[in-house]
Amino acid sequence: MQERYDPAAVEAEAQEYWVQHHSFEPKEDGSRPKYYCLSMFPYPSGRLHMGHVRNYTIGDVITRFMRMNGRNVLQPMGWDAFGLPAENAAIANSVPPAKWTFDNIAYMKNQLKTLGFGLDWSRELATCRPEYYRWNQWLFLRMLERGVAYQKTGMVNWDPVDNTVLANEQVIDGRGWRTGALVEKREIPMYYLKITAYAEDLLDALKDMKEWPERVRAMQANWIGRSEGVRLGFPHDIETAGVLYAFTTRADTLMGVTFCAVAAEHRLAAVAARGNPQLAAFIEECKRGPAVEAELATQEKKGMATGLFVRHPISGAAVPVWVGNYVLMSYGEGAVMGVPAHDERDFEFAKKYGLPITQVIDVPGREYSLDAWKPWYSEHGRCVNSGKYDGLDYPQAVDAIAADLRTLGLGEKQTTWRLRDWGISRQRYWGCPIPIIHCRHCGAVPVPDEQLPVVLPEDLVPDGSGNPLLKDERFLKAACPKCGAEARRETDTMDTFVDSSWYFLRFACADNDKSMLDERVRYWLPVDQYIGGIEHAILHLLYARFWTRFMSEMGSVPFKEPFTNLFTLGMVLNEVFFRKPASGRIEYFNPADVTVTTDKITQKRVAVLRADGQEVESGGVVTMSKSKNNGVDPIELVGEFGADTARLFTMFAAPPDQTLEWSDEGVQGAYRFIKRLWKAVHDHVSQGPPPALEKSSLNDAQRAMRRQAHQTLAKVTDDLGRRRTYNTAIAAVMELLNALAKFPHSDAQERSVAQEALEIAVIGLSPIIPHVTHALWQALGHPQALIEVAWPAADAEALETSTVNMVVQVNGKLRGHISVAVDADEGSVRAAALADSNVQKFIAGAAVRKVIIVPRKLVNIVV
RNA sequence: GCCCGGAUGGCGGAACUGGUAGACGCGCCGGACUCAAAAUCCGGUCCUUUUGCGAGGGUGUGGGUUCGAUUCCCUCUCCGGGCACCA
């Protein structure tokens with residue numbers, strides 16, 4: 001065995017072994033339990049970032065651990081290869097997005113191999129390949145047939161200078177990111193998927209998904225947003241006799257309505273705007289407003305009276321109709337009843353515009369005043385000032401009012417969802433073409449299955465002014481499948497979330513060119529463990545669940561939930577350094593180019609840019625990103641310390657589901673530990689092979705060492721398998737190694753105990769640092785490769801102990817320690833506790849009121 | 001604004017089911033080795049007090065439940081994620 005740890009040589013050899021032996025290319029095998037471990041596939045942005053390393057290391061730890069525990073483990077990898085960044089790169093460099101994407105894939109694949117992940121590359125897929133996206137198209141046609149896909153108009157951001165549709169992220173303060181032009185809204189026809197038809201099932205199923213993090217289930221449930229309420233109608237005679245409908249969860253406050261507010265897009269707003277230029281201008285202003293919910297919700301609440309009135313459904317009183325910029329057309333009926341006394345937004349609105357406020361709910365012991373909003377105003381209580389409903393509580397009032405409305409034909413109880421249908425049309429080039437042909441005579445005609453795939457040309461270079469497909473005659477021209485007339489292809493492409501809504505199924509059968517899925521899906525799916533960033537907690541995961549439900553209905557898959565167990569990891573953060581010139585833009589400096597020292601006198605941290613020796617400011621610790629220039633290149637790290645160090649640090653520095661703060665010193669520490677482990681094995685094996693362990697003849701110190709080794713094994717097994725707290729598993733092995741360093745190594749039995757402890761350390765860490773442990777396992781005298789070794793169980797005999805240490809508290813404060821026999825009864829434990837000299841000091845002269853004994857842990861004496 | 005998380009020494013974190021707060025690592029201090037430095041090894045390291053044993057305080061804020069609270073409940077503050085066309 002070499003004395004010096006040489007990561008480059010060790011890692012090349014181990015990786016060579018796994019490739020040669022196809023260690024991670026599992027075949028379907030009905031005789032063995034399968035395990036499908038999947039990390040969210042990356043967008044091929046150019047190079048791996050630390051978030052990828054963290055994500056894929058977790059996946060790899062699970063993969064290797066489950067493999068050693070006898071499972072037939074599949075861990076595939078692919079590329080989420082369509083998307084906006086490729087178009088941006090294309091515009092910047094005049095390269096087709098396809099070339100940019102494929103170059104990036106080649107580069108990043110190499111990076112992944114360098115890190116030693118146990119990936120099955122034989123199943124690799126990229127969503128931008130026609131072999132893949134043809135099935136997007138095929139399934140979209142099935143959805144069209146079943147009415148799950150449908151067409152309606154939707155609003156988009158329009159850049160009037162570039163004549164192009166902008167993504168929300170390309171709109172900065174209401175202006176186009178490239179042109180700076182004021183962004184307009186346009187209503188255009190788009191395709192939608194009817195995810196709302198699955199809302200109830202998507203919500204109900206969450207209750208049984210115990211293996212998903214509670215927070216993700218909560219976020220999804222809130223997103224779907226089931227609301228039980230009442231749909232109520234305000235009759236009117238505007239134009240002709242009609243009814244303005246609104247949805248409310250607070251029908252008990254109906255008698256407190258003093259106005260109604262409608263969205264700018266509401267039909268009544270348009271009616272009122274005729275002949276009212278001021279109102280028309282206000283409506284236009286609202287429509288130009290933000291598209292993003294966060295901005296909508298924080299903008300100043302504004303409104304304008306329409307001059308129209310509707311009638312209160314119960315009292316018949318005239319109720320003024322306003323247009324409000326806080327009313328969403330996309331939720332409920334696009335109109336709300338205004339009850340300023342009991343709704344905070346309505347209260348503010350009424351205050352601002354001088355609308356009346358009528359208290360109709362009374363909460364005992366509380367005094368209502370019109371001066372300022374108080375949180376209790378929106379609490380449930382009893383009806384007052386509400387005529388026949390006075391005295392009713394919330395459920396009684398809602399029932400009574402819903403019943404009366406029903407009699408009047410002006411409403412009923414209703415369940416409303418926050419979830420909206422999924423608009424999948426994107427007016428962009430680098431995506432999966434929507435398989436539709438537009439014919440002058442026949443309208444929008446689906447492309448017949450036998451003409452699939454509709455292939456996206458890969459040689460176009462977008463220039464930022466609209467979708468290049470619109471200018472590509474080869475793509476555009478098509479014969480109408482119905483009448484044969486010359487027709488035009490749909491140029492919209494699909495949202496990239498479509499691509500990622502089923503890729504996990506395709507890994508089971510990526511080589512099938514005849515059908516989307518086959519019987520192998522039944523062996524591998526559902527995914528046993530899915531791992532990805534918390535930022536995907538809602539959209540991606542919800543879309544994938546919806547998609548799987550549709551495929552289940554079609555009979556394509558025998559399950560509705562695609563991911564049995566979900567693990568969400570935290571973000572990777574790093575400190576950000578910058579200089580802010582008196583004028584001009586902030587300049588960010590990469591932390592690798594900055595030296596931070598602590599001033600000995602002032603104790604202040606000082607950051608200096610090495611290039612010029614001048615100080616830079618610290619902007620705190622934030623998510624690693626290109627824009628803040630605070631990323632760390634994982635591959636540079638691998639070059640300097642090896643993949644095992646990169647893996648060990650990312651697993652050790654923080655629990656995997658929480659944010660991880662980057663630390664160069666921490667990386668050094670990880671490297672130091674691996675070197676110590678290497679040296680410990682080297683020093684041990686250089687004395688030659690130890691004799692067989694004679695368990696019965698060990699002395700106390702040897703027995704204790706052995707006990708710690710097996711306790712460590714039990715802890716590591718639990719931390720890796722159940723708790724997924726890789727940081728504490730590593731800490732436990734570090735403790736074991738620290739203990740072993742103090743353990744004598746001279747007689748034969750001591751060396752046998754040490755051999756066993758070292759083997760436990762090496763096996764225990766092997767899922768995390770597989771390369772170095774592969775080499776160390778050989779050095780410890782084993783011909784079989786470590787990846788083929790079965791995960792050991794802790795020896796129950798080694799864990800046995802005769803005495804146990806307990807702490808003694810007096811009134812909850814720690815006062816002493818006692819050592820008692822494991823099987824000591826309460827009486828003797830109590831006696832030992834009371835006999836402790838320090839404890840005596842605190843109970844002297846006081847009456848012992850109570851003694852609480854927690855077996856094997858603690859005694860608390862209450863005096 | 002709404003929904004979901006988080007906050008513990010100089011720093012990252014540990015304490016799993018309400019039972020010894022600070023494991024493990026980083027940094028720092030002292031020592032060994034060295035002509036010297038690096039690397040490595042050994043010892044120390046929450047704060048106050050004490051020669052020491054010990055004592056007092058301490059888990060973002062303020063309150064509550066309990067023999068006992070980092071852990072449970074309520075309040076507030078700050079930080080992070082998501083908000084439907086970034087992926």
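The chains referred to below are lettered A, B, ... by the order of the sequence lines, with proteins before strands, and numbering in each begins at 1.
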Query - Earlier contact from the 5' end, RNA chain B, for Pro85(A) and Glu661(A) - result: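 Closest to the 5' end, via its nearest nucleotide, is Glu661(A).
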**Report entry** Along RNA chain B (nearest heavy atom to each residue), the more 5'-positioned of Glu295(A) and Val854(A)
**Finding:**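 Result: Glu295(A).
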Query raised in the report: So, does the side chain of Asn168(A) form a donor-acceptor pair with the base of C85(B) at under 3.5 Å?
Result: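 No such pair is found, so the answer is no.
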Requested in this report: May I ask you to verify whether the side chain of Arg849(A) and the base of C67(B) hold a donor-acceptor pair under 3.5 Å?
Outcome: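 Side chain to base: no pair present.
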Quantified in whole Å, what is the [atom1] atom distance between nucleotide [N] and nucleotide [M]?
N      : M      : atom1 : value
G22(B) : A15(B) : P     : 13 Å
C42(B) : U48(B) : P     : 28 Å
G64(B) : G54(B) : C1'   : 33 Å
C73(B) : A69(B) : C1'   : 11 Å
G43(B) : U49(B) : P     : 28 Å
G62(B) : G13(B) : C1'   : 27 Å
U59(B) : A21(B) : C1'   : 8 Å
U71(B) : G9(B)  : P     : 15 Å

Mind checking who [N] pairs with, Watson-Crick or G-U wobble, both distances under 3.5 Å?
N      : value
U17(B) : none
C33(B) : none
C46(B) : G57(B)
A23(B) : none
A7(B)  : U77(B)
C83(B) : G1(B)

It should be established whether [X] places a side-chain nitrogen or oxygen under 4.0 Å from OP1 or OP2 of nucleotide [N].
X         : N      : result
Asn727(A) : G12(B) : no
Thr728(A) : A14(B) : no
Asn838(A) : A55(B) : yes
Arg426(A) : C85(B) : yes
Arg672(A) : G27(B) : yes
Asn738(A) : G25(B) : yes

Would you classify [X] as touching base, sugar-phosphate or nothing, given that sugar-phosphate means primed atoms plus P, OP1 and OP2, and contacts are heavy atoms under 4.0 Å?
X         : value
Pro655(A) : sugar-phosphate
Phe652(A) : base
Phe842(A) : sugar-phosphate
Thr298(A) : base
Leu858(A) : base
Gln427(A) : base
Met190(A) : base
Lys715(A) : base
His540(A) : nothing
Ser45(A)  : nothing
Trp223(A) : base
Phe673(A) : nothing
Arg4(A)   : nothing
Val156(A) : base

Tell me the interatomic distance from [X], atom [atom1], to [N], atom [atom2], rounded to whole angstroms.
X         : N      : atom1 : atom2 : value
Leu296(A) : A84(B) : CG    : P     : 9 Å
Met571(A) : G81(B) : CE    : P     : 6 Å
Arg676(A) : C24(B) : CZ    : C1'   : 11 Å
Asn325(A) : G1(B)  : CG    : P     : 16 Å
Lys813(A) : A21(B) : NZ    : C1'   : 13 Å
Tyr671(A) : A39(B) : OH    : C1'   : 11 Å
Lys675(A) : G25(B) : NZ    : P     : 15 Å
Trp158(A) : C85(B) : CH2   : P     : 18 Å

Query raised in the report: Where does G31(B) fall, syn or anti, if syn means a chi angle no more than 90° from 0?
Result: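 Judged by the O4'-C1' to base torsion, G31(B) sits in anti, the angle falling more than 90° away from 0.
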Query - Where Ala670(A) and Leu648(A) come nearest, the two heavy atoms and their spacing - result: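 Scanning both residues completely, I find the closest heavy atoms to be O-CD2, 3.5 Å.
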Requested in this report: Could you tell me which non-hydrogen atom of Ala81(A) sits nearest to which non-hydrogen atom of Ala126(A), and how far apart they are?
Outcome: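 Taking every non-hydrogen atom into account, CB-CB, 4.4 Å.
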Query raised in the report: Heavy-atom count around Lys857(A) NZ within 6.0 Å, excluding the residue itself: above 12?
Result: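 Counting other residues, nucleotides and ligands, NZ of Lys857(A) stays at 12 neighbours or fewer.
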Query - Pairwise distance CG(Asn88(A)) to CH2(Trp177(A)) - rounded to 0.5 angstrom - result: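 So the CG of Asn88(A) and the CH2 of Trp177(A) are separated by 3.5 Å.
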Requested in this report: Report the relative orientation of the aromatic rings in Trp678(A) and Tyr5(A); use parallel for angles under 30°, tilted for 30 to 60°, perpendicular for over 60°.
Outcome: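 Aromatic pair Trp678(A)/Tyr5(A) classed tilted.
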Query raised in the report: Would you call the rings of His49(A) and His52(A) parallel, tilted or perpendicular, where under 30° means parallel and over 60° means perpendicular?
Result: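 His49(A) vs His52(A) ring planes: parallel.
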Query raised in the report: Tell me, do Met494(A) and Tyr133(A) make a side-chain contact under 4.5 Å, heavy atoms counted?
Result: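 Met494(A) vs Tyr133(A): side chains apart.
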Query raised in the report: Does Arg723(A) reach the main-chain N or O of Ala729(A) with its side chain, forming a donor-acceptor pair under 3.5 Å?
Result: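 Pair absent, no side-chain N/O of Arg723(A) close to backbone of Ala729(A).
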**Report entry** Side chains of Gln170(A) and Arg178(A), donor plus acceptor under 3.5 Å
**Finding:**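 Judged by distance alone, the side chains do not pair up.
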